[in-house]
Amino acid sequence: MTDAQDTAPDKQPLPRNIRGKRPQFFSDPAVDHLLATVLELSAELWVSRSRQAALESYLAKTGVLDTAEFETFQIPEEEQEALQAWRSEFMQRLFRTVEGEASTAG
Amino acid sequence: MSKHVSHDLKLQPSRDEWARQDFVSALRARVLNDMANTMKQHYEVAIAPKMEKPAETGQDVHKAMKPDLYFKFYSGLRVNAQEMVWDAVRPTLERDADRLQGVARELGEKAVGGSISLDPEFVVPSNVESIDVHLMPGSYHSESGLDDLRAGALYDNGLDVFSFGLMGQNLDDIGQSISTWVSQKFPNFKPERILDMGCSIGHNTQPWAQTYPDAHVTGMDVSAPCLRYAHARSQSQGVPVHYKQGNAAHTDLPSGSFDLVFSSMFLHELPKKDIRGVFAEAFRLLKPGGLLLHYELPPNSATSPYDGFYLDWDSFYNYEPYYKGFRDMDPLGLCTEAGFSKDQFFQTVVPSINWYGRDAVIESLAVDKAEAGDDNTGRFADGVKWFSFGAWKDTAA
């Protein structure tokens, strides 16, 4: 710990990747990376599905949803931008192992 | 997931973050229970019969399993699930960190009776400093600025995701089960001063203060951010614990100052030299008639070759380089080398109090012998039991 860090108002972000090499199990390292990607996709599918289930349940309960109108509904532009930002962050998660390896010496 | 972190330092995940944690917990349960069982059957049916000679050690099994596709997928999934544990908590923690620090500051003022003592000159030992143990990015000691407790928060919430409910409502099942076992097994033993070595966030330290409310309980660890978090956590829960930064292999505590020296899941994080150092130090710190007690993984000598392989997986793939080294050591030998008498040694398996209930812990009192070699393939498979061993320090010592 240095004096500069002691007085710094903002903390360093927590690291995302470990120091050192990830364990590799397959003869082609691409398979190990793809496994990570598939799992992130699976996690996100669950996140979306669980959110959607909660949302539909809530809307049904409160009588808000008009299902016919909903099919053609366009979300406002700023919301669209937020959605795209989410997608960008999602892609970082998808490729975390490939990018982690590329960003460190390991 | 964070549902078991219910104290004032509880994070506030969004619905999606919560769902992501939930997914990782479910993934781990799938891998550590279902896939682990399948892998064992697969070994017995498809791998073992093709081996030139029967496996004698865990290394033999490991060698035979390494080229196997099921092993590769099991291992790949388990590594990913481990990484996803931390990755599912980190964004919530980063967003919530400032609030958390404010909460911790306020908790420090609360009149609970606990304390924290950090040493600004302390040098973190290389077994923690130089590797990201448990694939936790930044390891347990990293800090950025004074008052940083994020490593502790990452561990508390990560452990919750990791353990998918098996560590109890306060992640303190080990401490609760074992302190209950000790208090029932030795009703005349009334420790006044208790030390928990390598306490991290104090989750298994607190139960000692709860089981023995008149005792002065000290939790020692090398990690300042974990100790800051531990202190706030105990303050939040109204449990007086005294946290102190230090290296358990050579503390600055006075000789003969403790009635009970405990550790949980600690020894396997240490190089062999430090493991021996911890035993010698515990012997020095204990009063005559005091009790040394460690919760740990069972030794390789007490497990089948397959179970040895299964438990030592972490040593090869989870950044636990000292895990197998510890499991190759002999608990009795460690105690006697440090000065404890052979006839004062004991080992046992304590049932999880949350999994089996308090009555099961009490029923287990009749069993003095370790059953580490039973059909329990791992820490989280087929029920939860805590292997423990230790020794009484001779009253004449």
Side-chain angles (χ1 to χ4, degrees), chain A residues 1-55 58 83 86 89-90 92-94 96-97 100-101 103-104 106, chain B residues 14-24 26-27 66-69 71-84 86-91 93-94 97-98 101 120 130-139 142-148 150-151 153-154 224 313 316-319:
Chain A
M1 194 188 291
T2 65
D3 290 338
Q5 279 175 326
D6 285 349
T7 52
D10 295 321
K11 295 194 186 310
Q12 294 291 318
L14 291 166
R16 168 163 237 169
N17 297 295
I18 58 159
R19 297 165 290 170
K21 199 167 156 43
R22 301 180 72 233
Q24 183 188 323
F25 299 100
F26 297 94
S27 51
D28 183 345
V31 178
D32 291 85
H33 287 305
L34 286 173
L35 186 59
T37 301
V38 168
L39 283 168
E40 290 295 346
L41 279 169
S42 308
E44 217 45 54
L45 181 62
W46 166 255
V47 169
S48 300
R49 195 166 259 271
S50 98
R51 187 174 188 89
Q52 192 179 327
L55 187 63
Y58 176 79
L83 201 59
W86 179 91
E89 203 265 327
F90 175 42
Q92 282 179 24
R93 264 206 308 285
L94 281 182
R96 66 184 164 77
T97 69
E101 210 160 87
S103 68
T104 62
Chain B
S14 67
R15 179 185 289 279
D16 287 1
E17 287 166 344
W18 197 91
R20 203 167 287 125
Q21 293 177 12
D22 184 34
F23 178 86
V24 177
L27 176 64
K66 264 181 134 169
D68 182 71
L69 193 63
F71 169 77
K72 291 180 182 187
F73 267 98
Y74 167 88
S75 300
L77 288 168
R78 189 166 163 187
V79 165
N80 274 283
Q82 182 77 25
E83 294 171 324
M84 290 166 84
W86 312 119
D87 212 45
V89 171
R90 189 182 41 77
L93 171 58
E94 287 288 47
D98 288 345
Q101 201 158 303
S130 64
I131 43 170
D132 286 344
V133 181
H134 303 142
L135 299 171
M136 183 169 114
S139 195
S142 295
E143 54 187 332
S144 170
L146 291 172
D147 302 332
D148 192 356
R150 291 173 301 168
L154 185 63
W313 184 95
F316 299 100
Y317 308 115
N318 199 28
Y319 275 61

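Labels below follow one simple rule: chain letters A, B, ... track the order of the sequence lines, proteins then strands, and each chain is numbered from 1. This structure is a prediction, so every number in the text was calculated from the model and none was measured.
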Worksheet item: Side chain, backbone, both or neither: which part of B:S130 has a non-hydrogen atom closer than 4.5 Å to chain A?
Response: backbone

Practice prompt. Identify which part of A:S48 has an atom lying under 4.5 Å from any heavy atom of chain B, answering side chain, backbone, both or neither.
Written response: neither

Discussion item. Please classify the contact between B:Q101 and chain A as side chain, backbone, both or neither, with a heavy-atom cut-off of under 4.5 Å.
Written reply: side chain

Discussion item. Let me confirm one number: the CZ-NZ distance from B:R150 to A:K11, rounded to the nearest 0.5 Å.
Written reply: 6.0 Å

Fill in: Set of side-chain contact (heavy atoms from CB on, under 4.5 Å) partners for A:F90, sequence neighbours left out
A:L41, A:E44, A:W86, A:R93, A:L94

Fill in: Among B:P120, B:A224, B:P137, residue most engaged with chain A (heavy-atom pairs, under 4.5 Å)
B:P137

Worksheet entry | Contacting region of A:R49 [heavy-atom separation from chain B under 4.5 Å] | neither

Fill in: Spacing of CD belonging to B:E94 relative to CG belonging to B:L154, to within rounding of 0.5 Å
9.0 Å

Discussion item. Counting only non-hydrogen atoms closer than 4.5 Å, does B:E17 touch chain A with its backbone (N, CA, C, O), its side chain (CB onward), both, or neither?
Written reply: neither

Discussion item. I'd like to know whether A:L14 forms a side-chain contact (heavy atoms from CB on, under 4.5 Å) with B:W86, so could you lay out the CA-CA distance, the side-chain angles of the two residues, the decisive distance to 0.1 Å, and finally the verdict.
Written reply: CA-CA 10 Å; A:L14 291 166; B:W86 312 119; over 6 Å; no

Worksheet item: Can you say whether B:F73 sits under 4.5 Å from chain A via the side chain, the backbone, both, or neither, judging by heavy atoms?
Response: both

Discussion item. The criterion is side-chain hydrogen bond (donor to acceptor under 3.5 Å, both in side chains); which residues satisfy it with B:D147, sequence neighbours excluded?
Written reply: none

Worksheet item: Contact part of B:L93 toward chain A, heavy-atom cut-off under 4.5 Å: side chain, backbone, both or neither?
Response: side chain

Discussion item. Would you compute the distance between atom OH of B:Y319 and atom CD1 of B:I131 and round it to the nearest 0.5 angstrom?
Written reply: 8.5 Å

Worksheet item: Do A:Q24 side-chain atoms and A:F26 backbone N/O form a donor-acceptor pair below 3.5 Å?
Response: yes

Fill in: Contact leader toward chain A among B:D148, B:L135, B:L77, B:L69, where contacts are heavy-atom pairs under 4.5 Å
B:D148

